[in-house]
Structure formats: C-alpha cells, structure tokens
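FYI, the numbering just counts along the sequence from 1.
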Amino acid sequence: MERAFQRTQVLTNHLLQSSSPLPSQTLSSNACLSYSPPELSENYAFDVKEMRKLIDGHNLEERDWLFGLMKQSELFNPKVKGGKVFVSPDYNQSMEQQREMTLKRIKYLQERGVFKGWLTEKGEEIEMRKFAGFEVFSIYDHSLFTKLGVHFPMGGAIQFCGTKHHHDKWLRDTENYSIKGCFAMTELGHGSNIRSLETVTTYDSNTGEFVINTPCESAQKFWIGGAAKHATHTVVFSQLHINGINQGVHAFIVQIRDVDGNICPNIRIADCGHKIGLNGVDNGRIWFDNVRVPRENLLNSVVDVSPDGKYLSSIKNPDQRFAAFMAPMTVGRVNIAIGAVYQSKVALAITIRYALTRRAFSLKPNEPEVLLLDYPSHQRRLFPLVAKTYAMSFAANYLKVLYAKRTPQSNKAIHIVSSSFKATFTWNNMEILQECREACGGQGLRTENRVGHLKGEYDVQSTFEGDNFLLMQLVSKALFAEYMAAQKRNKVFKGLGLEHMNKPCPVIPSQLTSTTLRCSQFQMDALCLRERDLLNRFVADVLKCKAKGENTEQAFNTCYELAKDLGRAFSERAIFQTFVEAESTLPAGSLKDVLGTLRSLYASICIEDVSFLRYGYLSVDNGANVRREITKLCNELRPHALALISSFGVPDAFLSPIAFNWIDTNSTHILTNHLLQSSPSSQTLSSNACLSYSPPELSENYAFDIKDMRKLIDRHNLEERDWLFGLMKQSKLFNPKVRGGKVFVSPDYNQSMEQQREMTLKRIEYLLEKGAFKGWLTEKGEDIEMRKFAGFEVCSIYDHSLFTKLGVHFFLWGGAIQFFGTKHHHDKWLRDTENYSIKGCFAMTELGHGSNVRGLETVTTYDSNTGEFVINTPCESAQKYWIGGAANHATHTVVFSQLHINGTNQGVHAFIVQIRDADGNICPNIRIVDCGHKIGLNGVDNGRIWFDNVRVPRENLLNSVADVSPDGKYLSSIENPDQRFAAFMAPLTVGRVNIAISSVYQSKVALATSIRYALTRRAFSLKQNEPEVLLLDYPSHQRRLFPLVAKTYAMSFAANYLKMLYVKRTPQSNKTIHIVSSSFKATFTWNNMQILQECREACGGQGLKTENRVGQLKGEYDVQSTFEGDNLILMQQVSKALFAEYMAAQKRNKVFKGLGLEHMNKPCPVIPLQLTSTTLRCSQFQMDALCLRERDLLNRFVADVSKCKAKGESSEQAFMMCYELAQDLGKAFSDRAIFQTFVDAETTLPAGSLKDVLGTLRSLYALICIEDVSFLQYGYLSVDNGANVRTEITKLCTELRPHALALVSSFGIPDAFLGPIAFNWIEANAWSSCVDEGDLLCDDQVVAFPSKHIVWFFFDDKDKISRYNIWSLVPFLRECDFRAFLPSRPHIDG
C-alpha cells in the first residue's frame, strides 16, 4: 500500500501528462538511433575478472557482498530505468533529508556487521578490509564515504594517538556506532596550517582536568563533519599550555552531546549550512567555553601530563614530536586518494558505455551516424583518462599496502607519498569528472546520470586534508631535505624511489621511434630524467635565494613554480613505477599485452606534458612523435573499450541509466510503467589580533579611477544595470541575508527543485511588474538590443536559472518570432510575450540530436484539406529534450522539425505550437515529462515533449525564409538548401552570444570574491613571531589569480565587440557573427570553468559553502560547455570556416578579407632569438606572436586536410582526422581575436595611470596566451624564450598586486551580489552571526529569529523555558524584548 502511494505521489510530482487520454500509437525507436547493447558488438580479448583482481587488488568477495547489501535495501534509493535497477542518493532532497538518509544508511550497514572489527581488531588484513569498504562507499555516495571517514578516523586517532585505557574505554562503542565521533582539527582561521591552531588548552592540577577554550572567533572549529547534528564526541586538536609554556598541538577527547542528543554545557555548535556537495554530511562549527575534561582524555601515546601538571615526553624535539603525533593522520589523505580513483572509474564506465551506443553526425550522405567512440577525437579525449585511472589504481594499491604495513621508520615515506598521490589523484579525478560530464553532453547534467553531480560532491578533495598546492610544496621540501641528506652520504640516495639519482643521467634519443616510445625502460628513463633535473634545479634555486639572505621558508616560497613541477614529476614517476611492477606480475598473453598498451599510453601522456618541452627534455619533432603515438595507442585501445571499463568491477546498479539503454530510459513507456518513486556562555568573543579582519580599502590604494575602468569594461547602460541591481536588493524574493553586518542576495540552493522553479517564476513576474522588460520585443534598434544585453548580464550575476529562463523566453522563443516570423506573427505574439502572458520555450534539441540540428527527427507534414501542419514525434530519439520552461510554466513553444511536403524533405523549419491552455493544462496530443533534478539550473523547469500528430494552422509556420501556400506548394526565394538552412539559423547565434557574455560576469563574481578574500585572509608565517602572510602576498597566489583577472578583462572587451557585432548585424555579417560567436562562446566558457574551479580552490573550504557563491557557480554554469553547441564541435566549425576562407583566398590570389585574417596578407612575423622584458611587453610583438601561431596552424590544417582528401577521404572524414590541429587552430583564432579587442580598447585611452595598468593587464593576457604549450609544441618559442615568458609573467603579477582591489572593484558588481567571504569573513562566521541568522544549535534546539526589537525563542516543551538561560545566550541583544513561543500552548507568551 505504501509503495503504491509512493508511486502515485511520484506520478503527480514528476510525470506531467495531458488531460486527454494517451494516444494508442506505440512509439518505436528509429533504426538510426536504436539502442544496441555494446556487448553484442564489442569483444573481450582478455579475462575481465583477472583484470579486476589486478586493479582492485584485494577483498573482492567482501566488496561484492557490500554492493549486494546496498542494492537490496530501499534506503539506498533503488529506481528502475530502462528495465534495470539503479541505486544512487536522491539529490533533490533537502540538506536535512540527505543528512538523515546518510545516518540511516550507516545504521543499516552497522546492523549487518559491515564495520565488525574495524577498530577492535588489528593487523594488515583488517586495514585492507576497511579500505575495501571505503572504496565501495565512495562508489555509492561521497557523503556516506565522508561521514564514515570522519567517524572511524576519530577512532583511528584514539587507536594511534591513545593508549590502552583509551582503547578499552572508547573503541568498541565507536565501532558499534553508539558513540558517534567527529574530528575537530580545522579552524576558521587555520586549515592546512595545523601548527598555528588557536584553540588553547590549559591544565588545572587542583582538579586534574584540562580546560579547553576558544579564545577568539578565528579559533572556532570549522567544517567539522558530524558536529552539526549527530556526533556525540570529538577529538579536539588544541595548543597545550603547561605552566605558561606552549607545548604545541595535542589531542583531547571531548563529549559534545549527551545520550539524549543535547549539546553539553559550555559548548556551542552552529551549522555550516548548505554546500556545493556533501550535503549528506552535517558539517558544523564548535566553540569551547572553558570546557573541562579529565586528564585521562589527553591522547597520550607520544606525550603525557602528570597529575601535578608536569609535561612528559620521550621526544624532546618539538618538530619531531609534532611529526610523530601527526603521522597516523595520513590515513585521511590515503582514503581521499583511493576514493578519487573509484569516482574516476564510475565516471569513465558510464561515459564510455554511453559513447559505445550514442551516435552523432554522418560522415557521408545516407550513411548511419557514427558512434561517439569511433571518432578519433573522442578516443583521444577518453582513453588517456582510462590509462590514468589504471595507473592510479596500481598506485593506490601500493599506497594502501604501504600504510597497512607502516612502521615508525616508514612514516616519512607514507607522508610524502600520500601527500603527492592525494594531490595528483584528486586533480586527475576532477579533470576526469569534468571531461566525462562534457563527453556525455546534456545527459551529463542530470543528477540521476551521476557523472555531473560527482563533480560537486568531490570538489572538496582538492583542499580537504591539505590544499593540493601546499601538499606539492611539502613534497618538494621533503625531496630537498633528501637531496641535502644525500650530500652528507656522498651523494647516495636512499628511499622514495630516488635511487635512480645514484645512476648516470638518462639521455633521450634525438629521434624517438614508435618502438622506443613504447619501451618501458625508455619511459622510466624519461620520467626519471625530468624528476632528477627538476630536483637539481629546485635545490640550486633555493640555495641561491638563501645566499641572497632569504630564510628557508622565503626561499621555498620564491621557488613555488619549480616546487609544483617537481612534486608532480615525483608523483608521476612513482605512479608509473607501480604500473610497471603490476605489469611484471603477469604472464605473457592478451591481458599483459593490453596492459602494456595502457602503460605506454600513461607514460606518453606524462611525457606529453608541457614540462618536457618547457625544460628542454623533448625537441619539437620528438614532441610531435609523442602526440602521434598517443593517437595510435588510443586507436589500438578502441576494441578493448568495454572490457577495460568492465574490469573496474563497478556493478551496473552503481552506474547510471545512460550507461545502458539511454533511449528506453527516456521513453514515456518506461515512465508510465515505473514512476519514481549548547549551554550558552556569557563570554563575548573578539577576533584574534593575528587573524582579525581589516577592510582592504584601508591598506589598498586606487591608482586609477575605478568608475572610468568600469565604463570601459561594462561600456553601456551602467545606470540601467544599477537600477536593476537595486530592484533585486529591495525585494525579499531575492533572498536577502545578513552576514557579517552586510546584506547579501543569492538564491537558496537548499530549496528543492520544485521550490527553486517557483521562486524563479516569481522573480520574473516581479521584474516584469517593475518594467524591467519594457520594449524588449516591441521596440527595435541598437539601444534596445544593448539594454537587453545589460539586463541579461545583471540577471546572470544574480542567478543562472533566472538568466536562462529569461533567455529561453525572450531571446529564443521571442527572438525566433522576431527573426523567423513576419508581420502577422509579430502582431499576434510579441506583445503578449513581452508581457509574459504568453510564456515561451524553444523546442529544438532532441534526445538523439543536440549539436546536429540538421539531423532532427521530428516530422511535420502539411494537410492542404484543412490548411494545417501536422507535427509528429516518430520515435523515442525524436522527443524534444532539455526544453527550458516546458516542464511547468511554458504555454507555447517554437518547434523545430523536418518539413515534408509531397514526400520531399525540405529540411528543418520552425512552427509555433501552443502546449498549455490558459488554465495550465497540457494541450491534446501533447505529452510532457520533467527532465528531473540536475547538477545546476534547478530553477529552470526543463522538460521533454512528444507530439502525437499535433495540428497547427498554416500561419504558425515562421515564414521569413520559406513558406507553404494554402494548396501545399513549398515557396522560398533561396533555392539552395544549405544556404536556406544557414539563413534560417543565423539569428540563433544570439544564444551563443548571451552564453559568452554571461560567462564573463560569472568570472567577475568569482574573482571579486576570491581576491577580496585573499586580501584579508592570512596563512603561515615566513619568520618566527611575525604575523601570518596575506594570501595575495604569496607569489604563488598572485600567479594563480592575476592571469585569470587578465583573462576576464580580455573577455570583457571581446564581449563588448561581440555584442556590437550582433546588434549591428546585416545579412553580410551573419557568417562573421557565427564564427566569432562560436569561438568566443567556447573560449569564454572554458575560461570561466577554469576560473570558477581555481577560485573555488583558492578560497579553500569557504569556497564550498553555497552562500559564498564561488563553488556553487561551477555546477550552475557547467552546462555552458555543451549548451548551444558542444565547445569541441564549435571549435571544429571555426576551423572549417577558416579552411573555407583560406580556399576562397586562393581564388582571390591569396587576399584575405574579414575575420581579422588580413594579417595573412603580410609577411610572416619572426620571433626574436632572445626575448627581453621590453620586447615581451610590446603590443606589436604580442600581436605578431599570436598572428604567427594562427597563420602557421591554418597553413598546417589546410595542408593536412588536403592530404587526407587526396587519399580519397571525404571532407568530413578529413576534418575528423585532423581534429587536434582543428582544436589548436580554433584556439589560436580566438586568442588572437580577443587580444585585438584588448588592444583596441587600450588605444581609446589617454596617457595616464588607467592606461598604464591596462597595458600591464594586456601584456599579462598576451603572455599567458604565448605561454600556452602550442608555442613550444610547434616550435615558435625556444626553451630559453619560454623561460623568459614565464619569468615575465611572474613580474607582471607582482606589478599588479598593488592594483588588486581596484581591478576587481572596477567590475562594478555591488557588494550584495558577492559572497560574504569577500568582506568580513570572521564576523560572517562569528557566533553572533549564527544567532542573527537563525542557524544556531544549542542544548534545547532553540532557534532565535530576530525581528526588529523582538527576539522569539521556540521551545518544544514547557519545562525547557524555565531551565533555559535566555539572557546568557545573546548578551549583545540586551535591549531587545525577549518572548517565548510554545507550539503546543500558543497562549504562553512573555
């Protein structure tokens, strides 16, 4: 009965059907796009079970048992899709619901004995069993993995840092989950810098107790997983002060909740709130107000304190004591590393299975479309990631055994290896998840398909348990120490795989053949050569810095780039060593052969890295040989694709629907038959002087007028933008919240999908009432077009869902009527569209066709008897898919369909169709289904539409290009179907234009937030007893962020150019708009995703909170890279267009006209042999360098395509074979075109500080383009000149440091639209802020809701009122009137 109710409820919520009965028509899949299981066509050349044993390494039966436990329980959310059962969390649940589900799943697993012996047994076997369990949990859900990973490591802290009495008292209850543990190390002010924690513990010898205190706001324990709701105990890491002497960081067991779940006295806990992922983990913040714990609660395996207060330790050196104390904590990094490997396996298994069944484009007329994985570009995209994942699997097995067999002597090696592997694995994993998301197209955006959502879940990895950049610096410091120690041993290296340093230096042959490149000894030599050389360089540079008077930390800080390169070189060599060792265990045969191919591919992609060209290990010709060999290896792996991912051992149920029958999964047949189913303290805290907040405006000077800079980069409608910002700030619909004394507006992403959609609609209606859209469709001219762009830019700053829903309505639906329709369409539809009484959507994309618009399968015929068009969805792959607005709100749509007249297909045309009546009921013969929850844009109601012979009047054909007469004759002034299609599609470039310009504004939001945070957040001291250093004063942080600022300024100028190009369009300029918008859309959105990811990591843990915006924007804007044209395909279109321009120029005696290609008519530029600082900063040199690259790549591309065609390949086949050159050429064109707009903007300025700063930015942008690997790859730069470019970039970043605040303030984004961490991040996270915001947790679960001068307290029973000390909770509100409300007795008041 309950299940039936659930199904009915899901039907109501999810399946949107028309009021009319379903037609009797049974849809069958089109033969062209039918699903055929890859197992029918793909052969296994090796035993996948044997391969799984090799890469999983251990406990296979236990893993499968655990998978089975999950599959058989309703707690793990099983759903039937396409005839198969899948299990994955429901991410449309609220944060609170996800947390409760995580807890229930843990209890279910505990009751079935999953954790038996995890803490009470010892030895390698139990350690490996734990690792296997965590790997399985990571495959299902990162929240489950993390919550258990916090709990059992707390047990691990007791195991390894405690002694027998701790073990006897705590371990069994922890293993049984009657004690729920958390791990209170990280603080608001200190994440990676553990030594500087500010929590203070003293010892009271009179009572035999330790007293733990939070002395300042920056000392609050932050991001403590489990603390917000469920944890009963924690291990607190604190400075231990004995008799006035700080003995360093120690660990104490503290009970934080009693058996009834009430927070213990003198402890305060607040919720960290909604995050970009991991919302099933209840992260909290903890304050300790002189909390007392027994002396026995000190974890004393390394140190102790006697009853009379003497500090006791056998390790006198505090550095060694700290190292011994922290050594067991490496298990956190080990677990994160191995978890990353299994997420990569899940993503690749889904993506490759999808690519083995999904088709796109035909290479020849009337031939079937090609499987994605049969495109060389797709192979080149995915198989290197498979090789990386195999390599990481073997390295993870090595790391697990190293940890399980640890000894005091091996602790250092574990620390170094786990640090390097954690950084490398998590960076690789994020690359893999992003690439797989894009490779799955729109399907990768649906949370049920897992790939996209995993990105948000696993983003934390790069800063959790040590920021990756810092970890790589730690590795390099350790290697430096090993080098110096080896000098004392007569240059003999021992351990860490550095024994190769004792041998003669390897030499790379002058000519690399295929045989050499596949030789494992050559591969090892190449990786060892890089590691050896970089270590020598690093040591030499650090010693030079020290010789100049810098201390060791300052020297390491100066050499940050070499440190990162060295850390990566060490990691990749170590990983490769584990690959070779795994391969050596196999007998000769097919398994070993395929593994050898994978090993060669992994080694080759490491050797392809820019560092091999940058430091001169590879010549340009050998670099080209490596790239060619990678392409061959990918091609050789194609027959083994299914076998390679099947060997991952991930059960089908833990993948996703698109990995199997993605057509049936999305059919209405399936949906019809399976429906989804603390004691307050009086203490007033003040910020620690070391980590107090000081507004950057007090210390940062503006050398130029930021208003003038804003005019230059925003360019138009500044007053209208500010008016629109004001409209949003003044309405509660835009979710204003006070943080740190300032008001911020941003959507509430903890709302359900349904709630977010309704809020988006209400915001649109509010803006409509205020006149924000007046004239957008009923007026014409350049002014109204620019006003629309300005409005969309402001909307994109607030929320991508608002921007997208408006973009679909005004630019796509409304724009289609404007540009495809004629006067009678305008008169009938435009005013009602502008007034939003008609709500439009845009039905172009289909399940089977996204980028390939010409291949759409919806069919329209004409009935001359009735004067109607009949629109039909002939097969499941023809369903309209991802239609924004269709699921809930749209009343009308423009349908793109093949038009068949008298049996002849006249190509794609557009028709107006009403899909809902005035009461919101779906119209007859139309079926609509919700696309469901997505990784972002959940405020947009994307739907899927089927048309069952829907009839519309003849007048509903948008007929500006073609028409049909009443008697059924096809009429068009454009006879050529290709030209007709081009004319028809030309106005739709506005979609790409809008996506491009919006991505610029997201980059501005992220950079303004990140740089303002870096101007006030401090980390580490370079000298003893000195203040910690501002993040933005680290050269590494400058190098990380300022190039992104330069990119954003460059994109701003290019966006302004693109907008003007569009609003002044003519039929003659359509081709230019298409090419430029395609290249800019791809470049801007790729840049934006890079900027958002970098800013997220640069903000550390704060970047994970959705309220701080930076992290959340990543999921919201991920769609950009495949929306309105997949970026890779767009770049290929650009290169094809440039090819056509080249061929046309040949007919004009080599005269190039348009697209900025006039430089091709001039002599070829030459790069000087020695690039000085003056030359590198010269705008003419910069333009010459970018033109040289574009010119050369265009010549190469034309030559290679012509060669392929000379061999008998069609044009499409030839373009496909030259995909790498096409990508490089597209990027070269885009970079040069963007740079030209930067130069043009700069030339408009008079001499002065504004022009000077802009010139520095322009030079930085040009040099990061010239730093690109292509300049080394194709031989435009020598190794020495490449080094000069990098040196100059560092100088430019340093010169921009004084202008940081001015540069981001010039973006013109009001404070309210940034994140709270852009301002007083300490106050925004203070306890007082928790009370103001209503998210505090105290012993009676009281919540305060301030309203003017009245503060209401809500209690769940009468007794709690009398025993709750209201006045001590909020001493800062003494003037308020306090009232209590008892839900069960509303008459109690006062």
Side-chain angles (χ1 to χ4, degrees), residues 10 13-15 76-82 84-95 97-99 101-102 138-145 274-281 343 346-347 349-351 354 433-434 436-460 653-660 662 665-666 670-671 676-677 747 749-757 800-801 804 847 881-882 884 887 929-944 1106 1111-1119 1121-1123:
V10 172
N13 294 332
H14 187 72
L15 187 59
F76 291 84
N77 195 37
K79 291 183 179 180
V80 177
K81 297 283 183 180
K84 295 179 73 75
V85 176
F86 296 93
V87 290
S88 68
D90 178 0
Y91 293 112
N92 192 33
Q93 291 181 322
S94 68
M95 175 181 74
Q97 291 170 319
Q98 290 184 55
R99 290 174 173 182
M101 287 307 300
T102 302
S138 75
I139 287 172
Y140 175 73
D141 177 33
H142 198 205
S143 288
L144 179 64
F145 168 88
H274 195 264
K275 310 180 289 289
I276 64 172
L278 284 180
N279 282 302
V281 179
Q343 290 316 304
V346 170
I350 292 167
T351 305
Y354 183 60
L433 292 178
Q434 182 64 36
C436 287
R437 203 302 287 160
E438 294 183 25
C440 289
Q443 292 289 354
L445 297 169
R446 297 184 68 184
T447 51
E448 73 169 19
N449 288 330
R450 303 209 64 193
V451 177
H453 194 80
L454 290 176
K455 283 178 47 256
E457 291 293 301
Y458 275 80
D459 196 315
V460 64
F654 290 79
L655 299 180
S656 74
I658 58 163
F660 302 96
W662 55 275
T665 293
N666 288 290
I670 293 296
L671 288 167
L676 304 178
Q677 25 181 8
Y749 293 109
N750 191 32
Q751 289 182 324
S752 69
M753 175 182 74
E754 295 78 12
Q755 290 170 318
Q756 290 184 55
R757 290 174 175 182
H800 198 204
S801 288
T804 302
L847 174 62
Y881 207 89
W882 283 124
V929 169
D930 202 310
C931 284
H933 195 265
K934 309 179 291 289
I935 65 173
L937 283 180
N938 281 302
V940 178
D941 51 317
N942 294 87
R944 300 143 59 189
T1106 52
Q1112 179 67 25
L1113 290 176
K1114 281 177 50 254
E1116 292 293 304
Y1117 276 80
D1118 197 318
V1119 64
S1121 54
T1122 49
F1123 184 43

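The minimum heavy-atom distance linking Ser801 with Gly939 is given by the pair OG-N, 3.1 Å. Leu454 approaches Gln343 most closely through the heavy-atom pair CD2-OE1, 3.0 Å.
At distances below 3.5 Å, at least one donor-acceptor pair connects side-chain atoms of Gln97 with backbone N or O atoms of Ser94. Between the side chain of Arg446 and the main chain of Gly932, no donor-acceptor pair closer than 3.5 Å is present. Counting only distance, with no hydrogens or angles, the side chain of Thr1106 and the backbone of His274 share a donor-acceptor pair below 3.5 Å. Under the 3.5 Å distance criterion, the side-chain polar atoms of Asn942 are matched with a main-chain donor or acceptor of Trp882. A side-chain donor-acceptor contact under 3.5 Å links Lys934 to the backbone of Val940.
Within the model, atoms NZ of Lys84 and OG of Ser656 stand 11.5 Å from one another, a figure rounded to the nearest 0.5 Å. Distance check: Leu937 CG to Gln756 CD gives 9.5 Å after rounding to the nearest 0.5 Å. Atom CD of residue Glu1116 and atom CD1 of residue Ile276 lie 11.0 Å apart, to the nearest 0.5 angstrom. How far CG of Leu433 is from OG1 of Thr351: 9.0 Å, rounded to the nearest 0.5 Å. Interatomic distance, SG of Cys931 versus CE of Met753, reported as 9.5 Å (0.5 Å rounding).
Judged as a ring pair (Phe, Tyr, Trp, His ring centres under 6.0 Å), and not counting sequence neighbours, the contacts of Tyr458 are His142. Taking the side-chain hydrogen bond (donor to acceptor under 3.5 Å, both in side chains) definition, one finds that Thr102 meets it with nothing, sequence neighbours left out. With sequence neighbours left out, Arg99 forms a side-chain hydrogen bond (donor to acceptor under 3.5 Å, both in side chains) with Asp271. Scanning for ring pair (Phe, Tyr, Trp, His ring centres under 6.0 Å) contacts around Phe660 gives Phe86, with sequence neighbours left out. Every ring pair (Phe, Tyr, Trp, His ring centres under 6.0 Å) that Tyr354 has, sequence neighbours left out, goes to Trp662. Judged as a side-chain hydrogen bond (donor to acceptor under 3.5 Å, both in side chains), and not counting sequence neighbours, the contacts of Lys455 are Gln434, Asp1118. The ring pair (Phe, Tyr, Trp, His ring centres under 6.0 Å) search around Tyr91 returns His453, not counting sequence neighbours. Residues satisfying the side-chain hydrogen bond (donor to acceptor under 3.5 Å, both in side chains) criterion with Thr1122, sequence neighbours excluded, are Arg437. Every residue two or more places apart in sequence or in another chain that forms a side-chain contact (heavy atoms from CB on, under 4.5 Å) with Ala349 is listed here: Ile645, Phe648, Leu655.
For the pair Pro657 and Asn449, the minimum side-chain heavy-atom distance is below 4.5 Å. Counting heavy atoms from C-beta on, the side chains of Pro89 and Asn77 never come closer than 4.5 Å. Inter-residue side-chain proximity for Val346 and Phe654 is flagged as unmet; no heavy-atom pair is nearer than 4.5 Å.
Contact check on Lys79 versus Glu448 returns no salt bridge, with no Lys/Arg side-chain nitrogen under 4.0 Å from an Asp/Glu carboxylate oxygen.
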Between Ile658 and Ile350, is the side-chain contact (heavy atoms from CB on, under 4.5 Å) condition met? List the steps. CA-CA 7 Å; Ile658 58 163; Ile350 292 167; 3.8 Å; yes
